[in-house]
Amino acid sequence: MAGRRTNLALLALLPLAVVTGAITFLVGSGPVALVVIAHGVVGLMLAVLIPWKSVIVRRGLRRRRPGRITSLVLAVTVVVALLTGLAHSTGLLIQAFGSTALQVHVGAALVALIPAALHVRRRRIRPRTADLSRRFALRGGLLVAAAGSVYAALEGSAAVFSLPGADRRATGSYELGSGHPPAMPTTSWLLDAVPSIDPSTWRLTVTSGGRSREWNLAALSAFHDEVTTILDCTGGWWAQQRWTGVRLARLLPEAATGSVRVSSATGYTRRLPLTDALLLAVAVGGSPLSAGHGAPVRLVVPGRRGFHWVKWVTTIEHDERPWWLEPPVPLS
């Protein structure tokens with residue numbers, strides 16, 4: 001299979017791996033398990049093609065052509081992404097040197113996008129009618145079957161040998177700190193740092209219909225609304241906790257619709273629909289939030305990934321704009 005058809009297969013699989021990976025990164029509920037499986041199978045299809053691609057690589061290295069360094073960087077980042085993805089899914093390596101295998105996996109995949117684009121531009125391959133032959137389709141089917149078999153074998157081995165990967169959530173995340181908030185990681189998005197906030201002077205400003213109202217911590221703590229739900233972080237861990245505070249809908253006009261833009265003291269923002277069961281938490285597990293977990297108030301968004309759970313909330317702006325009118329992930 002060495003040759004242009006191997007390259008065509010890789011050209012189709014790399015974007016598919018990126019798309020399925022992005023969906024698993026963004027979605028925290030629903031049929032996410034099917035997407036996670038698809039992402040794993042696509043990754044293994046890339047791995048199965050390595051022997052054929054290595055023939056092409058060795059042949060290309062014997063010729064000095066522009067773009068060699070770019071091609072090597074692409075190869076290294078793809079291999080790192082494959083190995084760390086395998087390490088995370090099996091649980092053989094979940095975390096090391098302050099980073100999780102999943103974080104390295106995502107980082108390597110993002111880095112690979114640039115050399116991949118440059119490589120495709122320099123080594124353009126145009127599909128031919130002959131590429132749609134029955135033989136090519138059969139080989140593609142065999143590739144899918146081989147990767148699917150390897151995936152099933154890995155999943156079965158994880159269960160048989162009691163590897164951590166057998167207990168991961170549908171999103172691929174591992175349980176950490178459920179029912180014990182101090183053991184739950186205090187992660188933040190990108191360069192967000194824990195701000196210094198005085199709870200006695202802190203105020204929450206809620207704006208709706210051109211009118212604003214301020215709430216202090218004591219007023220919000222008096223509501224005692226509760227929800228037990230899972231925080232599933234894109235760093236590769238999840239924890240189920242009992243969160244206490246006030247349903248956000250209580251702070252808005254009755255029967256309010258549309259969405260809310262929730263902002264942090266750090267400038268971090270997320271827009272969410274009012275159809276979500278949004279809770280402004282002041283406590284977790286019966287104790288006040290710690291600074292690392294978002295004190296004095298953080299947003300709880302059941303069913304969504306952790307980057308929607310805004311910490312250190314200071315302002316809420318309600319309007320009728322669609323909630324999806326923002327980048328799918330925060331850009332800062």
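Hydrogens, waters and symmetry mates are skipped; everything else that's a heavy atom, side chains included, is used.
With sequence neighbours left out, the ring pair (Phe, Tyr, Trp, His ring centres under 6.0 Å) criterion links Y151 to no other residue. With sequence neighbours excluded, no residue forms a ring pair (Phe, Tyr, Trp, His ring centres under 6.0 Å) with W312. Shown here are the salt bridge (Lys or Arg N to Asp or Glu O under 4.0 Å) partners of D167, two or more places apart in sequence or in another chain: there are none. Take L93 and apply the side chain to side chain contact (heavy atoms under 4.5 Å, CB included) test, not counting sequence neighbours, and it matches A87, A96.
By the criterion of side-chain heavy atoms lying less than 4.5 angstrom apart, applied directly or through intervening Ile, Leu, Val, Met, Phe, Trp or Tyr residues, L143 is grouped together with L46 in one hydrophobic cluster. A single hydrophobic cluster is seen to contain both F223 and W243, as judged by linkage of ILVMFWY side chains at heavy-atom distances under 4.5 Å, directly or through other members. Hydrophobic clustering (side-chain heavy atoms under 4.5 Å, transitive across Ile, Leu, Val, Met, Phe, Trp, Tyr) groups L86 together with I50. When hydrophobic clusters are built by joining Ile, Leu, Val, Met, Phe, Trp and Tyr residues whose side-chain heavy atoms come closer than 4.5 Å, directly or via intermediates, L83 is not grouped with L13. Hydrophobic clustering (ILVMFWY, side-chain heavy atoms < 4.5 Å, transitive): V19 and V27 are in one cluster.
Between I316 and R261 the shortest side-chain heavy-atom distance does not fall below 4.5 Å. For the pair L163 and L92, the minimum side-chain heavy-atom distance is below 4.5 Å. In this structure, L278 and V260 have side chains that are in contact, with non-hydrogen atoms separated by less than 4.5 Å. Taking the side chain as every heavy atom from C-beta outward, L82 and L44 never approach each other to under 4.5 Å. Using a 4.5 Å heavy-atom cutoff, the side chains of L252 and L274 are in contact. Residues I94 and P164 form a side-chain contact, since some pair of their non-hydrogen atoms from C-beta on lies under 4.5 Å apart. Side-chain contact between V329 and L26 is present, with heavy atoms from C-beta onward closer than 4.5 Å. Counting heavy atoms from C-beta outward, V301 and L299 have side chains that approach closer than 4.5 Å.
Using a 4.0 Å cut-off between charged side-chain N and carboxylate O, K311 and D192 make no salt bridge. Ionic pairing of E226 and R242 is present here: one or more N-O contacts between side-chain nitrogen and carboxylate oxygen are shorter than 4.0 angstrom. Taking 4.0 Å as the cut-off between side-chain N and carboxylate O, E155 and R168 count as a salt-bridged pair. Under 4.0 Å is where a charged nitrogen must lie from a carboxylate oxygen, and between R271 and E317 no such pair does.
The closest donor-acceptor contact from the side chain of S264 to the backbone of G267 lies at 3.5 Å or more, if one exists at all. Judged purely by atom type and a 3.5 angstrom limit, S173 has no side-chain atom pairing as donor or acceptor with the backbone of R169. For the pair Y174 (side chain) and H88 (backbone), a donor-acceptor distance under 3.5 Å is present. Put simply, the side chain of R305 never gets that close to the backbone of G28: no donor and acceptor are under 3.5 Å apart. With hydrogens and angles disregarded, a donor-acceptor distance shorter than 3.5 Å links the side chain of Q241 to the backbone of G177. Judged purely by atom type and a 3.5 angstrom limit, E175 uses its side chain to pair as donor or acceptor with the backbone of S178. A donor-acceptor pair under 3.5 Å is absent between the side-chain atoms of T269 and the main chain of V262, judged by distance alone. Not a single donor-acceptor pair under 3.5 Å links the side chain of H318 to the backbone N or O of A256.
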Steps toward side-chain contact (heavy atoms from CB on, under 4.5 Å) verdict (V227, V300)
CA-CA 9 Å; V227 62; V300 173; 4.2 Å; yes
Apply the test side-chain contact (heavy atoms from CB on, under 4.5 Å) to residues K53 and L10: give CA-CA distance (whole Å), side-chain angles for both, the deciding distance (0.1 Å), then the verdict.
CA-CA 9 Å; K53 183 60 178 177; L10 292 171; 3.5 Å; yes
Using side-chain contact (heavy atoms from CB on, under 4.5 Å), reason through L231 and M184 one step at a time and then give a plain yes or no.
CA-CA 10 Å; L231 168 55; M184 187 170 63; 4.1 Å; yes
Apply the test side-chain contact (heavy atoms from CB on, under 4.5 Å) to residues D232 and W237: give CA-CA distance (whole Å), side-chain angles for both, the deciding distance (0.1 Å), then the verdict.
CA-CA 6 Å; D232 194 326; W237 60 269; over 6 Å; no
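Between the side chains of T70 and H119, no donor N or O sits under 3.5 Å from an acceptor N or O. Residues T228 and Q240 bring no donor and acceptor atom of their side chains to less than 3.5 Å of each other.
For the atom pair CG (L325) and CG (D319), the distance works out to 9.5 Å, reported to the nearest 0.5 Å. In this structure, L102 CG and S89 OG are separated by 10.0 Å, a value rounded to the nearest 0.5 Å. Going from atom CG of L220 over to atom CZ of R203 covers 10.5 Å, rounded to the nearest 0.5 Å. Rounding to the nearest 0.5 angstrom, the gap separating the CD atom in E214 from the OG1 atom in T314 is 10.5 Å. One distance of note links OG1 of T24 with CG of L34; it measures 12.5 Å at 0.5 Å rounding. To the nearest 0.5 Å, atom CG of residue L16 and atom NE2 of residue H39 are 9.5 Å apart.
Taking every heavy atom of both residues into account, A158 and A166 meet most closely at O-CB, 3.5 Å. Between A277 and P302, the shortest heavy-atom distance links the atoms O-CD, 3.3 Å. Contact detail for M45 and A147: the closest heavy-atom pair is CG-CB, 3.2 Å. Contact between T266 and A193 at its shortest, heavy atoms only, is CG2-O, 3.6 Å. Between R298 and W309, the closest heavy-atom pair is NH2-O, 3.3 Å. Residue L279 comes nearest to G245 through the heavy atom pair CD1-C, 4.1 Å, listed as atom of the first residue, atom of the second, then distance.
With a 6.0 Å cutoff to the six-membered ring centre and a 45° limit on the axis angle, R321 does not count as a cation-pi contact of W323.
The aromatic rings of W189 and F307 lie tilted to each other, with the angle between the two planes from 30° to 60°.
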Per-pair distances, 0.1 Å, donor-acceptor, side chain in residues 108-117, under 3.5 Å, sequence neighbours excluded:
none

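The hydrophobic cluster containing I230 also includes W238, under a criterion of side-chain heavy atoms closer than 4.5 Å among ILVMFWY residues, counted directly or through chains of members.
Residue L204 is tested with V246, L217, L251 for a side-chain contact (heavy atoms from CB on, under 4.5 Å); the sole match is L251.
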